[in-house]
Structures are given as C-alpha cells and as structure tokens.
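Residue indices begin at 1 and follow the sequence shown. FYI, side chains are in, hydrogens and waters are out, and symmetry mates aren't considered; it's all heavy atoms of this structure.
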Amino acid sequence: MKGIVLAGGTGSRLFPLTKITNKHLLPIYDKPMIYYPIKTLVDAGIKDIMVVTGGKNSGDFLRLLANGKQFGLKHINYTYQEGEGGIADALALAEHFADGHKICVVLGDNIIEGDVRKAADDFRHQSRGAKILLKEVDDAERFGVAEIVGNKVTGIEEKPAHPKSNYAVTGTVFDKIRTLLPSKRGEFEITDVNNAYIREGTMSHSFLSGWWTDAGTFDSLLRAASLVYGSRAEQSTLLEEAV
C-alpha cells in the first residue's frame, strides 16, 4: 500500500499566518504540521509516500522533509497542484504514483492521537472498494458527515447545515483513484468519490480511536497544539512513574 499526504491549498482561513508560508508548515506544538500525517502513514507500515503540495512555498517542503530520513524513509515523492481544484483533483495528480496500488490518503492538516495500522491492515485484505475512518465530533457541520443505518454508511454529505449524524469522515481515507466531473463549486469533491463507492456497495468503515482534529482554522490549530501537548505531558508522566 502507498500513502498520499494532501498538503496543497492556500490556507486562507489561517491568513495572515499563511501569507508567507504554506499552512502545513505551521507548527503544531513542537513539530511542523506536515510531520504528523507522515508519521501516521509510517506508523501504519506505509513507507512509499507522496506529498501533494502547491502555492508559492512548495519548495520549502523539500527543504524541510528532504527524503524523509527523520521518519525512517529512504525517499519521499512530491507533486504540485495548481490552484484549488479540491481533494479529488489533488488525488488525480497522484494517479501515476498509485499505479494501480491501494492507497491511504491523509489530509495534511489532520492530527491523530492513535494509529490507523489495523484499518490499513483490514483494507489490505479488502478485495475492492474503499474504506473511511469516522470520528464522533461536536461540530459535524464543518466536515463531511456519514449517514449510518445499522452498521452501514449509506451516504456522506459535505458540510451539512443539519447533519444526519455526529460522525465526521476524517481526513484519513483508504481509496482507489477514479475520475470525476467538477461539482457545482467547481471542485472535484472527495465526498463524490466516497459516495460512488457507497452506491456500489464497496465502502467499508472503521471508527477512529483516540482524539482527532483538523488544524485548518485558528481554533482548531490551537486545539491541535493543546491536544499534542497534553498527550506528550501524559506520556512523560507515565514514563516518570515507570522509572
């Protein structure tokens, strides 16, 4: 399985922090934001990784990450997204990299406490289709929201005014790339990709354990840093108690 980190866009919701840098290079406590999704992939046993970036600061990713030695990698692939075509458009740029393999896609501003190894292993054995990870949230209207009937996801609605559940589709998706037409917003929507799999009956899902947050707004950027800090402090306390 290969991994793709989506780190394009303009980060307009974080302006002026993003006036002179890419959103995914901003710090989350003691590390750049982009470090966290890469570590999520590596911890899931995925070592063949591509970073999709864009904007005026794309070269800074190469200077920061190089070939990924700090993550135990021998090489990181890069590709460039022009403009803001949406998540599915960014995935289309990575089609040559996927080369028919199953892929794990992580949004570059998503911070996960736990790991996705079990979900990745389950998807490795899934014969076809896609898999999404869901997390219960208090502000579901900010995300793609899953409608769940019984033990099946029957649909996903993007940023609904009246969510049908509190389960957000996290920025971690196991998928295969397929071609779409632009939505009414002029973007290629990942929600449309996922709903296509749901209609086929080939979509599976898991619930993400531990905390999860995006970091694309001022509030969520602060929340991400606080959660990471709290997690590090807890680990340090446990280590001291063990000694």
Using modelled atom types only, decide if a donor and an acceptor are shared between the side chain of [X] and the backbone of [Y] within a distance under 3.5 Å.
{"X": "Thr170", "Y": "Leu134", "value": "no"}
{"X": "Asn195", "Y": "Ile156", "value": "yes"}
{"X": "Glu113", "Y": "Gly210", "value": "no"}
{"X": "Ser220", "Y": "Thr217", "value": "yes"}
{"X": "Thr53", "Y": "Ala7", "value": "yes"}
{"X": "Glu200", "Y": "Thr202", "value": "no"}
{"X": "Asn110", "Y": "Pro37", "value": "no"}

From CA spacing to verdict: salt bridge (Lys or Arg N to Asp or Glu O under 4.0 Å), Asp219, Arg223
CA-CA 6 Å; Asp219 288 344; Arg223 179 167 62 247; over 6 Å; no
Residues in side chain to side chain contact (heavy atoms under 4.5 Å, CB included) with Pro160, at least two apart?
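Pro160 satisfies side chain to side chain contact (heavy atoms under 4.5 Å, CB included) with Val145, Glu157, Pro163 once adjacent residues are dropped.
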I'd like to check the side chain to side chain contact (heavy atoms under 4.5 Å, CB included) partners of Leu17; sequence neighbours left out, ordered by chain and number.
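Checked Leu17 against side chain to side chain contact (heavy atoms under 4.5 Å, CB included); matches are Leu26, Phe218, Leu221.
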With hydrophobic residues grouped by side-chain heavy-atom distances under 4.5 Å, do Leu14 and Leu222 end up in a single group?
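No, because Leu14 and Leu222 fall into different hydrophobic clusters, even though each may have its own neighbours under 4.5 Å.
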Consider only side-chain heavy atoms of I, L, V, M, F, W and Y, link residues closer than 4.5 Å, and tell whether Phe61 and Tyr80 are in one cluster.
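In one cluster: no.
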More than 12 heavy atoms of other residues, nucleotides or ligands under 6.0 Å from CG of Asp138: yes or no?
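No, not enclosed.
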Taking all non-hydrogen atoms of both residues, which atom of [X] and which atom of [Y] are closest, and how far apart?
{"X": "Ala130", "Y": "Tyr197", "result": "CB-CD1, 3.5 Å"}
{"X": "Ala168", "Y": "Val137", "result": "CB-CG2, 3.9 Å"}
{"X": "Ala224", "Y": "Asp214", "result": "CB-O, 4.4 Å"}
{"X": "Ile49", "Y": "Phe97", "result": "C-CZ, 3.7 Å"}
{"X": "Ala98", "Y": "Ile103", "result": "CB-CG2, 3.7 Å"}
{"X": "Met33", "Y": "His24", "result": "CB-O, 3.4 Å"}

Spatial distance of atom [atom1] ([X]) from atom [atom2] ([Y]) [nearest 0.5 Å]:
{"X": "Asn22", "Y": "Thr10", "atom1": "CG", "atom2": "OG1", "value": "9.5 Å"}
{"X": "Lys19", "Y": "Asn57", "atom1": "NZ", "atom2": "CG", "value": "13.0 Å"}
{"X": "Glu136", "Y": "Leu208", "atom1": "CD", "atom2": "CG", "value": "12.5 Å"}
{"X": "Cys104", "Y": "Arg124", "atom1": "SG", "atom2": "CZ", "value": "8.5 Å"}

Pair Lys118-Ser206, side-chain donor/acceptor within less than 3.5 Å:
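Side chains of Lys118 and Ser206: no pair found under 3.5 Å.
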In terms of side-chain heavy atoms, does Asp99 have a donor or acceptor partner in His101 at a distance below 3.5 Å?
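Result is no, nothing qualifies.
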Geometric cation-pi criterion, Lys102 with Phe123: 6.0 Å, 45°
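Geometry flag: set, cation within 6.0 Å and 45°.
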Flag this pair as yes if the NZ/CZ of Lys135 is under 6.0 angstrom from the six-membered ring centre of Phe207 and inside a 45 degree cone about the axis; otherwise no.
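Lys135 over Phe207 ring: no.
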Could you tell me how the ring of Phe71 sits relative to the ring of Tyr35: parallel (under 30°), tilted (30 to 60°) or perpendicular (over 60°)?
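Judged by the thresholds at 30° and 60°, the geometry between Phe71 and Tyr35 is perpendicular.
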Under the salt bridge (Lys or Arg N to Asp or Glu O under 4.0 Å) criterion, do Arg117 and Asp43 qualify, and how do the steps go?
CA-CA 7 Å; Arg117 180 176 283 273; Asp43 287 348; over 6 Å; no
May I have all residue pairs that pass salt bridge (charged side-chain N to carboxylate O under 4.0 Å, His left out) and include part of residues 61-73, sequence neighbours excluded?
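Counting only pairs at least two positions apart or across chains, the salt bridge (charged side-chain N to carboxylate O under 4.0 Å, His left out) contacts touching residues 61-73 are Asp60-Arg63.
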If you take the centroid of each ring, where Trp contributes its six-membered ring, are Tyr36 and Trp212 closer together than 6.0 Å?
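No; Tyr36 has its ring centre 6.0 Å or more from that of Trp212.
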